[in-house]
Amino acid sequence: MTMQLTHSVSLTPPADKARARASAAAAGIRTEPKLVRIAVITLAVLFLTVFVVLPLVVVFAQAFSKGIAAYLAALSEPEAQSAIRLTLLVAAISVGLNLLFGVIAAWAIAKFEFNGKTFLISLIDLPFSVSPVISGLVFVLLFGAQGYWGAWLREHDIQILFAVPGIVLATTFVTFPFVARALIPLMQEQGTQEEEAAISLGASGLQTFFRVTLPNIKWGVLYGVLLCNARAMGEFGAVSVVSGHIRGETNTMPLFVEILYNEYQFVAAFGIASLLAMLALVTLVIKAILERHLDEGQP
Amino acid sequence: MGLTLTWLSVIVLIPLAGLFLRTLELSPEQFWSILSSRRTLNALRISFGLAFAAACVNLVMGTIIVWALVRYRFPGRRLFDAIVDVPFALPTAVAGVALTALFAEKGWLGAPLAELGVKVAFTPIGIFVAMVFIGIPFVVRTVQPVLLDLDPEIEEAAACLGANRWHTIVRVILPSLTPALLTGLALAFARAVGEYGSVIFIAGNLPNVSEIAPLLIVIRLSEFRYADATAIAVVMLVVSFVIIFAVNRLQRWARSRIPAD
């Protein structure tokens, strides 16, 4: 707690320098003059208030600007309902797929040694650094009318683009790294001793996984799923490119926000936006709780 | 293992490979004429230029924020620490409409700014504001663990050897934070370059003035000019690969700087 102390070197009289330094080294040396501290805190708080707190407040202020009745009416529109349903469906599928893959990938990377491991990790990270629009574009190039498999798909009457499968694919792409990235460091730290012990005591591979590995990583799994879900429900750019914006059919909640906003239906737009903002806030609260559990798990 | 690779290929590698194959179908002249068209060049310049400016603001403000959060105690500190993550968690479309409402001419911040003669929404300044917003967490979150782990003894040693506080910060603390600061800068830049959702609402989207590269990709796609969209996408993709590579090197550099005691 040294930073709470207010002494600073410059404020002590120069007469007794040696003693001043000794006591400073013991106490308030790792801090700045009070004026500097106040300035830094004010700047930080002001910046975060303007750029983060105010936008959040605006969402709710606009959503309730015509009263609660108008807010509830906007959310119970059939198109709003179908957007909410589609978002939940897409998130459930993408999170499920990435959960399954993420656990397997993290397990392969953490528990086994093989060549090109670092390369594989960078590949898993790839979707994080690709623009969401490009994430959507790659699927248009594959499945679109002029795409590689577009003609074949049309012959067989399979609709991927501008339909739910395309939205699921694009969402899965952008949320690909979350679960694996949450688990890899955790599993690497835990090593393989417990699994080896279980196997040598006669447990089968699956038994080892469900009875030994999974309980050890459960908080990490939840953490990955949480972040994966937040991104899946909120993804805009990638989904926007592949969805075709068909009202009531391929509109997820973020896309519906855009449409309503462009039609100047501000109460409805910010109403849906407020649901997504609440999702973000709840995600952050649960994340803080999970982080505490993960810290406790550390030796 | 095989399963991992298969899944990775299906979801990530094949789609990305498709993008590069598409580009190879273009002749070099075609590729060049798309990229050197005025509208494309301007979109790329706007995206990269403003993203870099925003990342620099994030570097400075991120350093100030992380310093306040780690070194000082003030009411609401834990709350503000949690708030730093909001740009990560808030869906980009929501951030976009919220920032637009805030900075529009009749908005809470837009109105006073308009009186000063500054127009933010529907101008390049609006793009810059949105890019600053989404870049906030990167510098803070990459520097925070390093600053927390910093050994207090080296600061005390510097002070005991007669360095004043400013010297200690500039000569002792900042150099140990440099790799983390640069990593944060690179990540914020990469995110801002590719950002779409939070920017398009506030940007105004005038070609050559406030049209970002990702939006131009979307426009070209809606015009069925796939070649144009692909060429712009490849340029952006190559830049993000270079950034990932640079970040990985930075991390290795940071690790090599930890004394082996």
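Per chain, numbering begins at 1; letters A, B, ... match sequence-line order.
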Over all atoms of both residues, closest heavy-atom pair of T168(B) and A163(B): OG1-CB, 3.8 Å
Segment of R22(B) engaging chain A (4.5 angstrom heavy-atom cut-off): both
Within the 6.0 Å centroid threshold, strictly below: F178(A) and F128(A): yes
Residue selection (most heavy-atom pairs with chain B, distance under 4.5 Å) from P254(A), A230(A), G234(A): G234(A)
Contacting moiety of P127(A), where chain B heavy atoms sit under 4.5 Å: side chain
Contact origin within F74(B) toward chain A - heavy atom pairs under 4.5 Å: side chain
Chain A contact via W166(B) - which portion, at a heavy-atom distance below 4.5 Å: neither
Portion of I173(B) that has a non-hydrogen atom of chain A nearer than 4.5 angstrom: neither
Contacting region of L221(B) [heavy-atom separation from chain A under 4.5 Å]: side chain
Structural part of L19(B) lying under 4.5 Å from a heavy atom of chain A: both
Crowding at CG, N262(A) (>12 non-hydrogen neighbours, <6.0 Å): yes
Contact check, side chains of V84(B) and Q144(B), non-hydrogen atoms, under 4.5 Å: no
Any donor-acceptor N/O pair, R37(A) side chain to E32(A) backbone, under 3.5 Å: yes
Aromatic ring pairing Y264(A)/F266(A), orientation class (parallel under 30°, perpendicular over 60°, tilted between): perpendicular
Side chain / backbone / both / neither for L142(A) at chain B, heavy atoms under 4.5 Å: side chain
Most chain B-contacting option - heavy-atom pairs closer than 4.5 Å, from F143(A), F101(A), F112(A): F101(A)
Residue among V234(B), T92(B), L16(B), L8(B) with most heavy-atom pairs under 4.5 Å to chain A: L8(B)
CG (L24(B)) with more than 12 external heavy atoms under 6.0 Å: yes
Side-chain donor/acceptor of N58(B) to backbone N/O of A54(B), under 3.5 Å: yes
Other residues, nucleotides, ligands: >12 heavy atoms within 6.0 Å of E223(B) CD: yes
Pair F138(B) + F88(B): ring centers closer than 6.0 Å: yes
Nearest atoms (heavy-atom pairs only) where P132(A) meets E235(A): CB-OE2, 3.3 Å
Donor-acceptor under 3.5 Å (N205(B) side chain, I200(B) main chain): yes
Heavy-atom contact with chain B under 4.5 Å, split by part of Y261(A): side chain
Polar side-chain atom of T142(B) near backbone of T183(B) as donor-acceptor pair, under 3.5 Å: no
Region of E25(B) in contact with chain A, defined by heavy-atom distances below 4.5 Å: side chain
Which atoms of A190(B) approach chain A - backbone, side chain, both or neither, heavy atom under 4.5 Å: neither
Over 12 non-hydrogen atoms of neighbours within 6.0 angstrom of CZ in F241(B): yes
Most contacts with chain B, counted as non-hydrogen pairs under 4.5 angstrom, among V138(A), I124(A), D125(A), I109(A): V138(A)
Chain B contact via S135(A) - side chain, backbone, both or neither, heavy atoms under 4.5 Å: neither
Crowding at CZ, F20(B) (>12 non-hydrogen neighbours, <6.0 Å): yes
Contact class of F51(A) relative to chain B, heavy atoms under 4.5 angstrom: both
Contacting moiety of F270(A), where chain B heavy atoms sit under 4.5 Å: side chain
Contact summary for P91(B) and L276(A), nearest pair of heavy atoms: CG-CB, 3.7 Å
Donor-acceptor under 3.5 Å (S47(B) side chain, A213(B) main chain): yes
N/O donor-acceptor pair under 3.5 Å between D85(B) side chain and P137(B) backbone: no
Side chain, backbone, both or neither of I136(B) within contact of chain A (heavy atoms, under 4.5 Å): side chain
A61(A) versus chain B, the contacting section by heavy-atom distance below 4.5 Å: side chain
R78(B), part contacting chain A, at a heavy-atom distance under 4.5 Å: side chain
A105(A) portion near chain B, given a 4.5 angstrom heavy-atom threshold: both
Chain B interface, residue from L56(A), V241(A), V36(A) that has the most non-hydrogen pairs under 4.5 Å: L56(A)
Region of N164(B) in contact with chain A, defined by heavy-atom distances below 4.5 Å: neither
Proximal component of I169(B), with respect to chain A [non-hydrogen, under 4.5 Å]: side chain
L43(A), part contacting chain B, at a heavy-atom distance under 4.5 Å: both
4.5 Å side-chain heavy-atom contact, I83(B) and V53(A): yes
V129(B) portion near chain A, given a 4.5 angstrom heavy-atom threshold: both
Best-contacting candidate, V257(A), T172(A), L169(A), V59(A), against chain B by heavy atom pairs under 4.5 angstrom: T172(A)
Proximal component of I134(A), with respect to chain B [non-hydrogen, under 4.5 Å]: side chain
Heavy-atom contact with chain B under 4.5 Å, split by part of F139(A): side chain
E258(A), part contacting chain B, at a heavy-atom distance under 4.5 Å: both
Choice from T49(A), L54(A), V130(A), T283(A) maximising heavy atom contacts with chain B below 4.5 Å: L54(A)
Heavy-atom proximity to chain B below 4.5 Å, by part of V285(A): neither
Part of F201(B) within contact of chain A (heavy atom distance under 4.5 Å): side chain
